[in-house]
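Remarks on the structure that follows.
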Amino acid sequence: MSEVADRIKEIIKPENLVYAKSPVLNDDIMHYCPGCSHGVVHRLIAEVIEEMGIQEQTIGISPVGCAVFAYNYIDIDWQEAAHGRAPAVATGIKRVMPDKYVFTYQGDGDLAAIGTAETFHAVNRGENIVMIFINNAIYGMTGGQMAPTTLVGQVTATTPNGRDVDLNGYPLRITELLAQLPGAAFVTRQSVQNPAAVRKTKKAIRKAFEIQAMKKGTAFVEVVSTCSSGWKLSPVESNKWMEENMFPQYPLGDLKDSSRADADLYRIKG
Amino acid sequence: MGELRLMKGNEVIAEAAIRCGCDAYFGYPITPQSEIMETLMAHRPWEESGMVVLQAESEIASIHMVYGAAGSGKRVMTSSSSPGISLMAEGISYMAGAELPCVIVNVQRGGPGLGTIQPSQADYNQATKGGGHGDYSLIVLAPASVQEMHDFVILGFELAFKYLTPVMILADGVIGQLMEKVELIDQRPRWTNEQVAEISGNWATIGKSASRKKHIITSLELDSSIMEQNNIRLQEKYSLIRSQEVRYEAISCDDAEYIIVAFGSSARICQKTVQIARKKGVKVGLIRPITLFPFPEKIIAEYAAKVKGFLSVEFNAGQMVNDIRLAVNGKTKVEYFGRMGGIVPTPDEVETALEQKLLRG
Ligand SMILES: Cc1ncc(C[n+]2csc(CCOP(=O)(O)OP(=O)(O)O)c2C)c(N)n1
Ligand code: SF4
Ligand SMILES: [Mg+2]
């Protein structure tokens, strides 16, 4: 342990650092497991907030899930929502403070199971918010149970023989569905397993916040993520498993890039 | 004197919300209270004052929108009827835990389940004992007139912000649909950003300025020793509310030998019963709890030493009667009379019950 600590101390020496930590990210040690995607996405959000200079105008909504404590790490005002209700909480905040930046940060259980209704209707209303969706195909926080996005055959605590379609139905590609909604402005699916992917995800998050500033509709960024603890794989194996199994089911790229639909397309004639 | 108008109970909730400078209403239609949101939508207050009115996809979404907006230091409300309030229980518990102010109107209908759309008071226990999970209480106001529907919106926001807690207006279908004369307050402005900062600037999530620490609105605390302290703080708040905020009306109680206890529209009926009984020479009084939490237990305990018995009259199977029994603590007889499932008793029916249960019993 102390050997590891010494190595980390060595790595984080100022002269070894290639870039500085954003001051919007505070110094608390994150509770995430090694190899978990949550920490990387937190950093990207903090960097975007810093670069856009919107720290004083941004309110985050943390989910129930491993990221419930996101509020400990990013130095902005936060509200912690009940499980799945972050999009409703964000709606409440944004509607009474339309000039603030409001974003939700949610896992797959939070956003695509218990909170499906809140997710769909917030996007369908075209709420001018950013939604960050961490899809790790599992319930990390509660000990690795099946998520709506769990793959067919994937072993979890509640699918010990692998997800069985007859019993559990299919992995939910909620992002594809949300891209169909006229309220969505920008819908994209990204990942953070290597520096190139991290850079792309950061660009997507930045774009999502910019769309919010333009009030063009909901900006939705899915990040296909790893849960090394839930998947019972090492961080390196997790990345490999994700690339081999998750990417074919959850292909990366932009699903929608326009703005909220024109109301006239939906208007009655008479 | 404010403007006088003849209005329905539900409509006046909307009118009072607009006039008192409420910032936002989030709701979902359900009988017998849909006129609240309909009236708000017809007024289009967002054009005048910027007040937000939004129809949510469910009562779950409504209450969590209330949570978000209340966390922004705004005066926010919602309304529903019994089945919808059950769905809100989650959010209400979270708001009590996170100490957020708001006003929730429950225009009760008969249950359980989908029940009936007729008036009822069967949500007394749900409202006064919390309703959701965890050790919490709401301040519960029980209007007995259209005027009180109006007044309690204003009082509700005052109490919600004084104690940072959700306040429930527990009405029923009778008061919601009743048309009466009401005196309206003059239009008040919504709070400015500066006022919000002054009133709620030490907790609201309105954007972290460089000069202060971040604000976090949450009910979560994994460290039990801190969580116990949080609970103790909540309980101290409820004790303070118990000592400061009891409201009731005592009618013809001075010389009474028997006292009826009734709230909301049940109290309206029982007022008539008191007149009928007194004409017959029976000395009956009426205590009408206005706050159901805090319950007016002191005044009931005081009369318990003087009267021959209490009759609790409720549109349910007997819920408030248990709170009366606790206050009376065995000192005198406490009986219950009520109707259920949307049936409202007549004053004569109550008078007969009084005779059977207390005079002859
Ligand atoms: C109403 C409610 N039901 C269940 C739970 C238990 N619970 C906490 S987190 C969670 C799932 C989290 O999974 P996900 O959203 O995918 O987040 P992750 O931990 O994987 O990031 C569940 C079921 C809860 N807190 N509240
Ligand atoms: S359990 Fe999974 S999601 Fe949670 S911190 Fe660990 S790796 Fe991340
Ligand atoms: Mg998950």
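If you're wondering where the values come from, they're calculated on a predicted model, not measured in any experiment. Below, chains carry the letters A, B, ... as their sequence lines are ordered, and counting in each starts from 1. For the numbers below, each heavy atom of this structure counts, side chains included, while hydrogens, waters and symmetry mates do not.
Residue Ile29(A) qualifies as open at atom CD1: its count of foreign heavy atoms under 6.0 Å is 12 or below. No more than 12 heavy-atom neighbours from other residues, nucleotides or ligands sit within 6.0 angstrom of CD on Glu198(B). For Tyr28(B), the OH atom counts as loosely surrounded, since its 6.0 Å shell holds 12 or fewer non-hydrogen atoms of other residues, nucleotides or ligands. Counting non-hydrogen atoms of neighbouring residues, nucleotides and ligands closer than 6.0 angstrom, the CD atom of Gln195(B) exceeds 12 such neighbours.
Of the two parts of Asn124(A), neither the backbone nor the side chain holds a non-hydrogen atom closer than 4.5 Å to a non-hydrogen atom of chain B. When heavy atoms are compared at a cutoff of 4.5 Å, Ile76(A) approaches chain B solely by way of its backbone atoms N, CA, C and O. Only the side chain of Leu54(B) comes within contact range of chain A, with at least one heavy atom under 4.5 Å from a heavy atom of that chain. If you measure heavy-atom distances from Phe26(B) to chain A, the contacts under 4.5 Å come from the side chain alone. Using a 4.5 Å cut-off between heavy atoms, Ala204(B) touches chain A through its backbone atoms (N, CA, C, O) alone.
For chain A, the option among Leu220(B), Thr205(B), Ile60(B), Leu222(B) with the highest count of heavy-atom pairs below 4.5 Å is Thr205(B). Per-residue counts of heavy-atom pairs under 4.5 Å with chain A were compared for Val66(B), Ile63(B), Thr218(B); the largest is that of Thr218(B).
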Listing, residues 67-75 of chain A side-chain donor-acceptor contacts under 3.5 Å, not counting sequence neighbours, or none:
from     : atom 1 : to       : atom 2 : distance (Å)
Tyr73(A) : OH     : His31(A) : N      : 3.0
Tyr73(A) : OH     : His31(A) : ND1    : 2.5

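Test Gln55(A), Gln57(A), Glu56(A) against Lys208(B) for side chain to side chain contact (heavy atoms under 4.5 Å, CB included) and you get one pass: Gln55(A). Between Arg85(A) and the choices Glu57(B), Glu90(B), Glu59(B), the salt bridge (charged side-chain N to carboxylate O under 4.0 Å, His left out) rule is met once, by Glu90(B).
With rounding to the nearest 0.5 angstrom, the CE atom of Met97(A) is 11.0 Å from the CG atom of Asp23(B). Interatomic distance, Ile217(B) CD1 to Ile93(A) CD1, rounded to the nearest 0.5 Å: 7.5 Å.
What you find for Gly92(A) and Ala69(B) is that their closest heavy atoms are O-CB, 3.4 Å. Of all heavy-atom pairs spanning Ala82(A) and His64(B), the tightest one is CB-CE1, 3.5 Å. Of all the heavy atoms in Val96(A) and Ala24(B), the pair that sits closest is CG1-CB, 3.7 Å. Of all the heavy atoms in Ala61(B) and Ala88(A), the pair that sits closest is O-CB, 3.7 Å.
The contact list for residues 213-223 of chain A toward chain B, using heavy atoms and a distance under 4.5 Å, is empty. Contact residues of residues 35-50 of chain B toward chain A are absent (heavy-atom distance under 4.5 Å).
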Problem set entry | Stepwise side-chain contact (heavy atoms from CB on, under 4.5 Å) test for Ser72(B) and Gln79(A) | CA-CA 9 Å; Ser72(B) 314; Gln79(A) 293 198 19; 4.2 Å; yes
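The backbone N or O of Ile206(B) lies less than 3.5 Å from a partner atom in the side chain of Lys100(A), making a donor-acceptor pair. Checking side-chain atoms of Tyr94(B) against main-chain N and O of Glu80(A) turns up no donor-acceptor pair under 3.5 Å.
Tyr105(A) is linked by a ring-ring contact (aromatic ring centres under 6.0 Å, His included) to His38(A), His42(A), counting only residues two or more places apart in sequence or in another chain.
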